[in-house]
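Notes follow once the structure below has been shown.
All values derive from a computational prediction rather than experimental measurement. Naming: A, B, ... by sequence-line order, numbering from 1 per chain.
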2 protein chains.
Amino acid sequence: MLNFTELKIVHIDDHLLFAQGIYSLLGNETFIEKLVHAENFQQGLSISSKLQPDLILLDYFLPDSNGLDSLRHLKAVCQESKVIILTMETNPEVMKKCQGAGAIGFLPKSISKKELLDAIKNAMSNIPTFYFLLPISHSTQRPQSRLNILSKREKQIANLVAEGLTSSEIAKQLFLSDLTVNTHRRNLIQKLGLKNSAQLVAFIQNLKYSES
Amino acid sequence: MLNFTELKIVHIDDHLLFAQGIYSLLGNETFIEKLVHAENFQQGLSISSKLQPDLILLDYFLPDSNGLDSLRHLKAVCQESKVIILTMETNPEVMKKCQGAGAIGFLPKSISKKELLDAIKNAMSNIPTFYFLLPISHSTQRPQSRLNILSKREKQIANLVAEGLTSSEIAKQLFLSDLTVNTHRRNLIQKLGLKNSAQLVAFIQNLKYSES
DNA sequence: AAAAAAATACCTATTTCTTGGTATTGAACG
DNA sequence: CGTTCAATACCAAGAAATAGGTATTTTTTT
């Protein structure tokens, strides 16, 4: 009922070296049934439409199509497939547009294996994973760990939300106003690119396992 | 931040054989720092008050105290400790009283290792685990697996709730009335002994990992 | 065929969450 | 010594969830 089924994944990317990396990263994960690579959009589209994969990893910059169009075409042809965007350089605007166009994840190519696996697991539970990077001008910094965008207080509150406490219970426990807790909740959902508290709970619970 | 820390556990039970079983079951779990056994309530109380364990596994029938009083005394002395009740025979009334008195779990001694570990993990996330058994008169049946008390529809809806869909989104997706979905949600929370949807989400997410 | 369980749907009232804002304070950084 | 960020707190409106019911129709089980 609740297990990850064996996944069919299509990876569309013209960077063959990167594709090689993905393959060696994911190649011997047992939960993956099939991992197919396409080196341009046309090929990726036709493979995807035949295979109807569970997941598509899509490079945002392809020689024969731009990222947003690729995404829209793929979503049109494979409505059931989750799409995670991989990209070299990011800007928040592009990310938002991808979110709007139906991507369930948006990751820089500099992520670690664990981060990629997390994003895939999340995607399979319909939980979005959007990495919020610093604007390009500041991007000499290392890519931020997903949680470092959260402040201490926010982490604390996220955990209590994930235990099923209501805002006012959290407020009492931390000696805060309800309104403050509400603000933190709102910021949490917004920062993590989630939809509501239920997704926040799912996200936090997933983390518990992936971090250990 | 989010990992299971190394747990200190006290197990209070006069059945030495069962205690032995618990010990061999949990003894080499890496997330357990200390596992202490007490063979009566007095001993258990004094050990617990010194050790302030993360978790207390409490046999409901002890020679020197009744279950509910034991529970209350322990909660008074170790406010931070989670208490899971273990018992041979169960009735729903007793279970409810234990819930009211602050237990975070209530399990028959016939559970499997996996079920016990699940309950412990849940407890550490403040998620209750109450096994609803058939009334004693019917109890020749095997103890129900935790999920078998849920119908197909309920499982289906539980999964969608855990993905962060709202009731009306679920209704649309399954071609049901909102009201029906509401009823299922209510029954889910009630059947599983949970508090609200957030705990339902946490519970379902936890299951995903424990079942694989 | 009768009984039990599951799935469906409705009503009402209250609480909680969400979303749209704004604003003040103190700490940290350059 | 400003500027930015975190943390705090407030207002208001609307959506969603919760809790208390009841009730009808299928499906499953005995």
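Here the side chains of A:P128 and A:N122 are not in contact, with every heavy-atom distance at 4.5 Å or above.
Residues A:D59 and A:T87 share a closest heavy-atom pair of OD1-CA, 4.3 Å.
Counting to the nearest Å, the C1' atom of D:dT26 and the CG atom of B:L176 are 14 Å from each other. Here D:dA17 presents its P atom at 12 Å from CG of B:L160, a figure rounded to the nearest Å. Atoms CD1 (B:I157) and C1' (C:dA9) sit 13 Å apart, rounded to a whole Å. Across the protein-nucleic acid pair, B:K152 atom NZ and D:dT26 atom C1' stand 14 Å apart, rounded to whole Å. Between A:R153 atom CZ and D:dC5 atom C1' there is a gap of 16 Å when expressed in whole angstrom units. The CG-C1' distance, from B:L179 to D:dT22, rounds to 13 Å in whole Å. Atom pair B:E169:CD and D:dA16:C1' shows a separation of 11 Å (rounding to whole Å applied). Between the CD atom of B:Q199 and the P atom of D:dA17 there is a distance of 16 Å, given to the nearest Å.
Considering only side-chain N and O atoms, B:S177 lies nowhere under 4.0 angstrom from the phosphate OP1 or OP2 of C:dT8. The side chain of A:T180 contributes an N or O atom lying less than 4.0 Å from OP1 or OP2 of D:dA9.
Each side-chain hydrogen bond (donor to acceptor under 3.5 Å, both in side chains) pair with one or both residues in residues 67-76 of chain A, not counting sequence neighbours, appears once here: A:S65-A:S70, A:N66-A:D69. Identified under the side-chain hydrogen bond (donor to acceptor under 3.5 Å, both in side chains) test for residues 175-184 of chain A, with sequence neighbours left out: A:S167-A:N182.
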Exercise for the section: Sugar-phosphate means primed atoms, P, OP1 and OP2; the rest is base. With that split, encode nucleotides 15-27 of chain C 5' to 3' as B, S or - using protein heavy atoms under 4.0 Å. Expected result: --SBBBB------

Pair up each side-chain donor or acceptor in residues 193-200 of chain A with any protein partner under 3.5 Å, not counting sequence neighbours, and list the distances.
| from | atom 1 | to | atom 2 | distance (Å) |
| --- | --- | --- | --- | --- |
| A:K195 | NZ | B:G164 | O | 3.3 |
| A:K195 | NZ | B:E169 | OE1 | 2.7 |
| A:K195 | NZ | B:E169 | OE2 | 3.1 |
| A:N196 | OD1 | A:A198 | N | 3.2 |
| A:N196 | OD1 | A:Q199 | N | 3.1 |
| A:N196 | ND2 | B:G164 | O | 2.8 |
| A:S197 | OG | A:R185 | NH2 | 2.7 |
| A:Q199 | OE1 | A:K195 | N | 3.1 |
| A:Q199 | NE2 | A:N126 | O | 3.4 |
| A:Q199 | NE2 | B:E163 | O | 2.9 |

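Partners of A:K34 according to the side chain to side chain contact (heavy atoms under 4.5 Å, CB included) rule, which considers only residues two or more places apart in sequence or in another chain, are A:K8, A:V36, A:L51.
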